Amino acid sequence: MRKTDAKTLKSCLPQWLREHGLPLHKPFACLNPAHQDAHPSMGYNEKNQTVHCFACGATYDIFDLVGQEENLTDFPSKMKAVNRRYGGGEVIRVTAKPTRVFPYKERVGRPDPYFTGRGLSDETVRRFGLVVENGYAVLPVFVDGVCRSVCRRAIDPAVEPRYQNSRGAMQLWNSAAMERAAGKALFVTEGIFDALSLEELGFPAVALCGAANTGRLMQALDAREAKPERVILAGDSDAAGQGMNGKLREQLTTRGIGCAALALPGDCKDVNEALVQDRDALQAACEAAATAQEVQQQPTLEDEFLAYLGRRGGAAVMSTGIAGLDKALDGGLHAGLTVLGAVSSMGKTSLMLQMADTLAAAGRNVLFITIEMSRMELIAKSAVRGTKARARSLLDGKLPEEKVRGLISAYRKKTGGRVELCEPDAPLTPAFLDEKVSAFCAQHESPVLFLDYLQLVAAGRAGMTEKQTADAAVAMLKQLARRYDMPVIAASSLNREAYRPGSAEPGMSAFKESGSVEYSADLLLVLKYRTDADKEIKTGPRHLVLTILKNRFGATGESIPLDYEPEKELFRDGAAKAAPRTGRNIIR
């Protein structure tokens with residue numbers, strides 16, 4: 001049988017994997033040439049007929065893999081090669097590889113005062129097809145003249161969500177710039193507005209549209225015969241930007257491509273801010289980076305560590321709003337993975353949401369990914385916190401419209417629009433989690449990430465057990481915390497033993513069925529009733545205690561009393577002291 005259409009040929013991926021000695025049902029070393037994979041992190045996705053790496057974010061189908069083997073760049077050539085191997089005959093009909101095409105087919109941008117305020121000329125706006133629609137700045141991403149993905153950024157404070165990208169992986173923005181940069185300097189940024197700013201000044205610039213796209217950039221460079229003489233790393237001055245610069249430097253060095261970091265003028269946090277503040281100073285900095293005779297040397301370890309401390313600044317520790325917890329944690333949350341465990345209906349979601357709103361009110365970006373509850377349910381919880389209104393009444397439409405508007409407006413003003421509530425409309429796999437967080441960090445400073453909750457993360461590939469699925473989710477959360485130097489807080493259920501009457505108070509063993517939580521978490525918290533008598537209380541505040549089972553940042557074993565008023569969605573520091581700890585509660 002002749003396999004001549006792309007969909008049928010795509011299903012030959014398992015055969016390719018077997019030929020190369022790669023398993024279908026367990027991880028194997030990443031096939032991305034730019035990823036030196038010491039620990040197998042790539043897996044086969046039967047549903048999509050792709051392989052995906054949870055570490056570097058690379059995703060390949062059989063056309064990508066065969067094209068990589070035979071050094072092919074265009075899809076018709078790749079398809080002919082796959083058909084030659086697995087189709088059993090010559091290609092009769094070559095169909096285009098399915099792609100998502102968006103309704104920005106022509107690069108016809110429309111000038112708008114918003115773009116002018118970002119330092120962009122009308123010519124740049126028209127050249128790259130920028131438009132303002134429905135309160136969003138729309139930034140289309142063209143590949144070979146076709147819009148493959150879209151980034152939407154809210155410019156009206158009343159518009160939610162603040163960022164609304166097209167589903168699926170974001171492509172490299174302005175990949176055509178690599179042609180103009182052949183034999184010269186190519187600038188690489190995180191976000192699109194930074195790359196637009198460089199193009200405004202006449203410098204070829206590509207935006208990754210997500211830190212995970214470094215692998216995609218390497219693939220594009222590998223496929224080109226005429227490569228740039230050097231790459232200018234133009235990441236933001238924050239931890240995510242410097243992390244991108246470091247990762248790119250490592251990958252470019254192995255390919256023999258020189259690179260240098262763009263020195264942003266003044267105290268500017270990114271390229272676009274520099275364009276708006278001092279266009280001439282940015283022009284001079286870019287020319288210096290592009291024409292310098294020698295590429296900047298790698299910083300010393302001392303310089304690197306001091307730069308790390310400078311990037312973190314005063315935001316290294318963040319208050320949770322719970323005084324007892326902040327004191328136990330030496331000030332509050334640190335960058336790293338925190339797991340909050342409790343039996344069901346104890347208030348895990350409400351506690352995390354209260355922390356999220358507190359952080360946002362203090363000026364921190366928050367990304368709250370919810371799987372268990374809807375986005376509107378979470379908004380209702382936040383809006384009624386500490387008031388006489390009830391979340392259920394708000395959701396059921398029992399409150400007057402004026403009251404509803406007042407509650408929602410007060411919530412929005414308090415948090416400053418810095419809480420993005422993400423309710424995935426597709427299975428939340430580790431890969432989706434990586435993509436979502438990377439897209440968020442590509443647009444603004446890294447957030448405090450909340451996940452509700454761990455056991456609802458979907459399997460990354462068919463055949464994974466519940467424990468393997470949880471392990472993969474924990475590994476991805478840990479990696480994101482490190483990559484973006486941010487706190488990650490995930491809710492977790494406990495194993496069945498913790499629910500049985502008369503069972504011992506939950507300890508680390510209660511997380512055993514939740515994957516490698518007890519090994520990977522930097523901070524492990526468990527929320528429980530203060531005493532057995534408290535379990536019987538049906539009305540009024542619940543008397544709870546938050547116990548620190550593990551703490552890489554300080555003391556372990558401390559218990560913080562909390563009073564939880566479910567009707568008000570409010571946690572307070574407990575007035576009574578925590579119950580005396582027994583030896584089994586103290587983890588040394």
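Keep in mind it's a predicted model, so treat the numbers as computed, not measured. When reading the values below, keep in mind they use all heavy atoms of this one structure, side chains included, and skip hydrogens, waters and symmetry mates. Residue indices begin at 1 and follow the sequence shown.
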message = Before you tell me yes or no, could you show the steps for Leu367 and Cys422 under side-chain contact (heavy atoms from CB on, under 4.5 Å), namely the whole-Å CA-CA distance, both residues' side-chain angles and the distance that decides it to 0.1 Å?
response = CA-CA 7 Å; Leu367 176 59; Cys422 173; 4.3 Å; yes
key: Heavy-atom donor-acceptor pair, Arg180 side chain to Ala176 backbone, under 3.5 Å   = no
Spacing of CG belonging to Leu433 relative to CG belonging to Leu477, to within rounding of 0.5 Å = 5.5 Å
query = For Leu275, does its backbone N or O pair with a side-chain atom of Ser197 as donor and acceptor, under 3.5 Å?
reply = no
query = Does a sphere of radius 6.0 Å around NZ in Lys227 hold more than 12 heavy atoms from other residues, nucleotides or ligands, not counting ones at 6.0 Å or beyond?
reply = yes
key: Note, Thr189 side chain near Trp173 side chain (heavy atom, < 4.5 Å)   = no
request  = Could you go through the side-chain contact (heavy atoms from CB on, under 4.5 Å) check for Leu196 and Asn272 one step at a time?
outcome  = CA-CA 8 Å; Leu196 280 165; Asn272 184 247; over 6 Å; no
task = Answer with yes or no whether the side chains of Asn45 and Thr50 bring together a donor and an acceptor at under 3.5 Å.
result = no
key: Over all atoms of both residues, closest heavy-atom pair of Met244 and Ala234   = CE-C, 4.4 Å
Sidechain-backbone polar pair: Glu190 side chain, Asp236 backbone, donor-acceptor under 3.5 Å = yes
task = Could you grab the distance from atom CD1 of Ile232 to atom CG of Leu248, nearest 0.5 Å is fine?
result = 12.0 Å
inquiry  = Rounded to the nearest 0.5 Å, what separates atom CD1 in Ile371 from atom CD1 in Ile369?
reply    = 7.5 Å
inquiry  = As an exercise, state the distance from SG of Cys53 to CG of Leu31, rounded to the nearest 0.5 Å.
reply    = 9.0 Å
ask   = Between Glu199 and Phe187, is any pair of side-chain heavy atoms under 4.5 Å apart?
value = no
request  = Check the surroundings of atom CD in Glu123: do more than 12 heavy atoms from other residues, nucleotides or ligands lie under 6.0 Å from it?
outcome  = no
inquiry  = How long is the straight-line distance from CG of Leu172 back to CE of Met178, given to the nearest 0.5 Å?
reply    = 6.0 Å
query = Can you check whether Pro111's main-chain N or O pairs, donor with acceptor, with Asp122's side chain at less than 3.5 Å?
reply = no
key: Check: Glu273 side chain, Lys269 main-chain N or O, donor-acceptor pair, under 3.5 Å   = yes
ask   = So which of Arg364, Lys436, Arg162 actually passes salt bridge (charged side-chain N to carboxylate O under 4.0 Å, His left out) with Glu420?
value = Lys436
message = Within the supplied structure, the quantity of interest is the number of heavy atoms (other residues, nucleotides, ligands) at a distance under 6.0 Å from Arg552 CZ; does it exceed 12?
response = yes
Backbone of Ala274 reached by a side-chain donor or acceptor of Gln277 within 3.5 Å = no
Side chains of Tyr44 and Leu22 in contact at under 4.5 Å (non-hydrogen atoms) = no
message = Within the 4.5 Å heavy-atom criterion, are Leu252 and Leu221 side-chain neighbours or not?
response = yes
query = Would you find a donor on one side and an acceptor on the other, under 3.5 Å apart, between the side chain of Asn365 and the backbone of Arg418?
reply = no
note = Note: Pro14 and Gln49 closest approach over all heavy atoms is CD-OE1, 3.4 Å
inquiry  = Under a 4.0 Å threshold between the charged nitrogen and the carboxylate oxygen, would Lys78 count as salt-bridged to Asp61?
reply    = no
ask   = Tell me, do Asp278 and Pro265 make a side-chain contact under 4.5 Å, heavy atoms counted?
value = no
key: Closest non-hydrogen atom pair between Ser516 and Val474, with its separation   = OG-CG1, 4.0 Å
key: Exercise: identify the closest heavy-atom pair between Ala177 and Val206   = CB-CG2, 4.1 Å
note = When rounded to the nearest 0.5 Å, the distance separating OG of Ser237 from CG of Leu262 is 11.0 Å
ask   = Hey, does Asn134 have a side-chain heavy atom less than 4.5 Å from the side chain of Val159?
value = no
task = List the atom of Leu65, the atom of Leu13, and the distance in Å for their closest heavy-atom pair.
result = CD1-CD1, 3.6 Å
Residue list, salt bridge (Lys or Arg N to Asp or Glu O under 4.0 Å) with Asp112, at least two apart or on another chain = none
query = Is Arg152 salt-bridged to Glu133, going by a charged N under 4.0 Å from an acidic O?
reply = no
ask   = When you look at Thr124 and Phe115, which way does the side-chain contact (heavy atoms from CB on, under 4.5 Å) test go after all the steps?
value = CA-CA 9 Å; Thr124 297; Phe115 297 126; over 6 Å; no
ask   = With side chains defined as the heavy atoms from C-beta onward, is the minimum distance between Arg461 and Pro27 less than 4.5 Å?
value = yes
request  = Looking only at non-hydrogen atoms, find the nearest pair between Cys268 and Leu264 and report the distance.
outcome  = O-CD1, 3.6 Å
Step-by-step side-chain contact (heavy atoms from CB on, under 4.5 Å) determination, Val82 to Trp16 = CA-CA 10 Å; Val82 174; Trp16 186 95; over 6 Å; no
message = Using side-chain heavy atoms (C-beta onward) and a distance below 4.5 Å, is Leu480 in contact with Met486?
response = yes
query = Can you tell me if Asn174 uses its side chain to pair, donor with acceptor, with the backbone of Ala205 under 3.5 Å?
reply = yes
request  = Please step through side chain to side chain donor-acceptor pair (under 3.5 Å) for the pair Arg483 and Ser438, ending with a clear verdict.
outcome  = CA-CA 10 Å; Arg483 184 191 304 168; Ser438 297; 3.2 Å; yes
